[in-house]
Engineer: 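Following this message is one structure expressed as C-alpha cells.
For the numbers below, each heavy atom of this structure counts, side chains included, while hydrogens, waters and symmetry mates do not.
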Amino acid sequence: MKPTMSPVIEVRGLTIEFNGLPAVKSVDLNISKGHIVGIVGESGSGKSTLASALIGLLPDSARITSGQIFFDNQENTLVSSETLSELRGHFISMVSQDSLSALNPVLTIGQHLIDIQFRENISLAKKRQRSIAALESVHMPDPEARLSMYPHELSGGQKQRVSIAMAVMVKPKILIADEPTTALDATLEVEIIALLKELQSKIGCAMVFVTHHLGVVASLCDDVVVMHQGSIQEVGNVRDVFLRPKNNYTKNLLKCDPARIEEKCRQLPTMDAPNEKRVEDETAKAKRLSRDRAPILQIMNLTVKFPKPFGLATLFQKAISRNITAVNNVSLHLFAGETLAIVGESGSGKTTLIRSIIRLVSCQTGTISFFGKSILDQSRDDLESTRNEIGYIFQDPTGSLSPRMTVEKIIKEALPNVVVNANDQVQEVQNLLSLVGLPAKFSSRYPHELSGGQARRVCVARALAQNPKLLIADEPTAGLDVSIQGEILNLLAEIQDKIRLPILIVTHNLNVVRHISDRMVIMLMGEVVEEGTTEDIFSKPAHEYTRRLLNSNIHALPD
C-alpha cells in the first residue's frame with residue numbers, strides 16, 4: 001500500500017501478545033488522510049486486536065512486545081492513558097463490534113449523544129438539537145422520540161445506528177469501525193456506507209474498517225488488508241486483490257463468500273448448488289414439503305404491542321403512554337424439513353415475532369401452535385418443556401452467554417437429560433465444538449475470552465445441543481467470517497436433511513437467505529408485505545419494498 005501523502009496512521013512492526021501468545025505479528029500499515037482501508041480475515045486473525053491497539057483499548061492481558069504506532073508522525077505507542085483519553089473521541093473515534101456493550105444501559109440515548117459533545121462550548125439545547133440531527137443522519141426512525149429511550153428499548157440495528165452517530169458527530173481525523181454494519185439490514189447498510197463516504201468527503205478523515213463482510217469492503221474501501229493468524233497475508237487496492245488475489249488464503253477467503261458463490265452460480269448454470277452437502281434435489285424437496293399438510297409451527301393473526309413512555313412534563317407527572325405496534329396481524333406457517341427466512345429492516349418486528357413464539361414477549365391477539373398445541377395457553381411447566389424442544393440462537397451472542405460459565409458448562413447445560421454420564425457429556429461438548437469449527441481447548445474459556453464470531457459459534461453449538469424439533473436463528477451468521485458462514489449454513493442444512501429439522505431464520509443478509517431458505521417472509525413496520533418461495537421472490541419481487549431491499553444487496557464482486 002503506497003499512500004499518496006503523509007500517513008495519518010503509521011504502524012511499524014507491531015507485535016501484540018496475550019499471555020505470551022502472539023495475536024498480531026510484525027504488522028506494518030500506513031493509512032493516509034481521506035483514505036479508507038478494510039481489514040478482513042477469519043475470527044481470531046488479529047483484526048480487532050489491531051484495531052483496539054490503534055485506539056489504545058487493548059485489554060490488560062495484552063502486551064505490545066515490539067513495534068510502534070504513529071498518529072500524524074507522533075509516536076503514541078507508549079503514551080500515558082491521559083493522552084490516549086484526550087485522543088479518543090476527538091482525534092480518533094471508534095464504532096465497536098458489539099453495539100449493546102458499547103452503550104451504557106442506565107443512560108438514555110439522548111444522554112449518550114449529549115455526553116459525547118462534552119468538548120463543545122454550546123448550550124444544552126444546541127447539543128440536543130445536534131443529537132437529533134446525528135440520529136437523522138443515520139436514518140433513525142422518529143429520532144426525537146429515541147432520545148428518551150434506553151438501549152434495551154432499541155433493536156440491534158437501531159443500537160448500531162446510535163453508535164455510528166456518536167462516532168461520526170465528533171468529526172474525527174481517524175474513524176475505526178469494527179463490524180459497523182453487522183446488525184444492519186441491506187437497505188440501511190447501503191445508506192450507512194453512503195453516509196460514511198459523505199463524511200470522508202466533508203472532513204477528509206481516514207477510516208479503518210474491520211469486517212467479515214467482503215461486500216462492504218468492495219463498496220466502501222480504497223485498499224484492503226487480509227490477515228490470518230495475526231499476520232498480513234496480502235495488501236493492496238480492493239479491485240486488484242478481489243479480482244486478482246495472489247495469496248492462497250485470500251483466494252480461499254473469497255471463494256467462501258456467499259455473494260460470490262451465488263453470483264457465479266447465476267453466471268454458470270451448470271455449476272453444482274452452493275451447498276455441496278445438500279444432496280436432496282430441490283424440486284423433489286418442494287413436492288415433499290407440499291405433502292406435509294400439518295405445519296410444525298403455525299402463527300395466525302398475531303399482534304404484539306408495547307407501551308412506550310412519551311415524556312414527562314414534570315418530575316411528579318405521570319408519563320403519557322402510547323402503544324407501539326411491533327407486530328401487526330401476522331400469519332405464517334413452517335413445515336418439517338423446511339427453512340423459512342424472515343427478512344426486513346431493523347425495527348420491522350422480526351425479532352419480536354420470533355421471541356413471541358417462546359413467550360419472551362406477550363401478544364395481544366392471535367394464536368401460536370407448535371405441533372398442533374397452543375403455546376399461548378400452556379402452563380409454566382408445559383412452556384418450559386416446549387422451550388426445551390426449540391433451539392434458539394439469539395441475535396446478541398455475547399449477551400446471551402453467562403459471563404460466569406465456561407463454554408463447556410454453557411453447552412452442558414443445554415444437553416438433554418438422557419446424557420447423564422460425565423464422560424459422555426464432555427465428548428458431546430467436544431463434538432459440538434468441532435461441528436461449529438472451534439477446537440476442544442475452547443471448552444475452558446469464558447465468553448469474554450471469545451471473539452464475536454467465536455461467541456456466535458458457541459451459541460449455535462448450544463442450540464444444537466438440545467436436539468431441537470425446531471431451530472429459531474436470529475442473525476446466526478452476523479459477525480462471522482465468510483468461511484465459517486459457509487460452514488455454519490452447510491452444517492444447519494446437513495442436520496436439516498438428516499432429521500427434517502424445521503428452521504426459522506431471521507437475517508439481514510440476503511445472500512444467506514438465498515443460500516439456505518426455501519421460503520421468505522418480508523416484513524415492513526410490523527406487517528408481512530410479501531411471502532413466497534425464495535427463488536420466486538428473488539426473481540419476481542411483487543412489492544416495491546422487496547424490490548428496494550433486493551436492489552440494496554451488496555456483494556464482493558467489484559465492477
Side-chain angles (χ1 to χ4, degrees), residues 185-186 258-259 261-263 265-266 269 271-300 330-344 348 350 353-354 357 368-371 390-393 460 463-464 468-477 485-523 528-543 546 549-550 553:
D185 51 82
I261 293 172
E262 296 294 348
E263 183 67 26
C265 287
R266 288 193 288 275
M271 281 186 65
D272 293 335
N275 188 345
E276 296 177 358
K277 295 183 180 181
R278 301 195 78 166
V279 296
E280 184 179 34
D281 180 78
E282 293 300 325
T283 303
K285 178 178 179 179
K287 291 180 179 179
R288 175 175 58 75
L289 288 173
S290 68
R291 294 195 297 268
D292 290 326
R293 298 300 180 187
I296 299 296
L297 176 71
Q298 187 165 25
I299 298 175
M300 296 295 293
V330 167
S331 298
L332 60 83
H333 57 274
L334 179 65
F335 295 108
E338 182 184 39
T339 300
L340 175 65
I342 304 176
V343 181
S348 63
K350 307 183 305 297
L353 174 62
I354 61 173
I357 295 172
I368 304 175
S369 298
F370 184 54
F371 283 94
I390 300 176
Y392 198 109
I393 303 172
V460 174
L464 295 176
K469 294 181 180 178
L470 166 65
L471 183 64
I472 299 177
D474 194 356
E475 297 287 1
T477 61
Q485 276 187 33
E487 292 176 15
I488 293 296
L489 295 177
N490 286 339
L491 169 64
L492 295 178
E494 182 181 2
I495 293 173
Q496 183 183 60
D497 287 339
K498 287 181 179 179
I499 62 175
R500 300 183 72 196
L501 177 69
I503 300 175
L504 187 62
I505 181 171
V506 168
T507 182
H508 296 105
N509 193 329
L510 295 175
N511 301 310
V512 167
V513 171
R514 191 160 193 171
H515 189 79
I516 194 173
S517 67
D518 303 297
R519 289 190 298 115
M520 293 174 63
V521 169
I522 311 296
M523 291 189 68
V528 172
V529 297
E530 186 168 358
E531 67 175 304
T533 66
T534 300
E535 286 308 312
D536 282 349
I537 289 180
F538 267 84
S539 59
K540 297 174 291 187
H543 197 276
T546 307
L549 196 67
L550 295 176
N553 196 26

Engineer: When rounded to the nearest 0.5 angstrom, what distance separates CD1 in I537 from OG1 in T546?
Structural biologist: 6.5 Å

Engineer: Of the non-hydrogen atoms in L501 and L470, which two are nearest, and what is the gap between them?
Structural biologist: CD1-N, 3.9 Å

Engineer: Working to the nearest 0.5 angstrom, can you tell me the gap between I354 CD1 and I342 CD1?
Structural biologist: 6.5 Å

Engineer: Could you measure the distance from the CD1 atom of I505 to the CG atom of D474? Nearest 0.5 Å is fine.
Structural biologist: 9.5 Å

Engineer: Whether the side chain of E530 engages the backbone of P541 through a donor-acceptor N/O pair (distance < 3.5 Å, no angle test) should be reported.
Structural biologist: no

Engineer: Rounded to the nearest 0.5 Å, what's the gap from CG on L332 to CD1 on I299? Could you check?
Structural biologist: 4.0 Å

Engineer: Could you pull out the closest heavy-atom pair between F335 and P502, with the gap in Å?
Structural biologist: O-CB, 3.4 Å

Engineer: Does D518 offer a backbone N or O that forms a donor-acceptor pair with the side chain of T534 under 3.5 Å?
Structural biologist: yes

Engineer: Would you indicate whether the side-chain heavy atoms of P295 and L334 approach each other to under 4.5 Å?
Structural biologist: no

Engineer: Hey, does the side chain of K350 reach the backbone of M523 with a donor-acceptor pair shorter than 3.5 angstrom?
Structural biologist: no

Engineer: Quick one: closest heavy-atom pair of R519 and H333, and the distance?
Structural biologist: NH2-O, 2.5 Å

Engineer: Within the structure provided, determine whether I357 and L504 are in side-chain contact (heavy-atom separation under 4.5 Å).
Structural biologist: yes

Engineer: Say you draw a straight line from CD1 of I522 to CE of M520; how long is it, rounded to the nearest 0.5 Å?
Structural biologist: 3.5 Å

Engineer: Drop me the distance from I296's CD1 to F370's CZ, to the nearest 0.5 angstrom.
Structural biologist: 7.0 Å

Engineer: Against I393, only a single residue in L464, V506, I472, L471 fulfils side-chain contact (heavy atoms from CB on, under 4.5 Å); can you say which?
Structural biologist: L471

Engineer: Could you tell me whether E535 and R514 have a side-chain N and a carboxylate O separated by less than 4.0 Å?
Structural biologist: yes

Engineer: Which atoms form the tightest heavy-atom contact between A341 and S517, and what is the distance?
Structural biologist: CB-CB, 3.7 Å

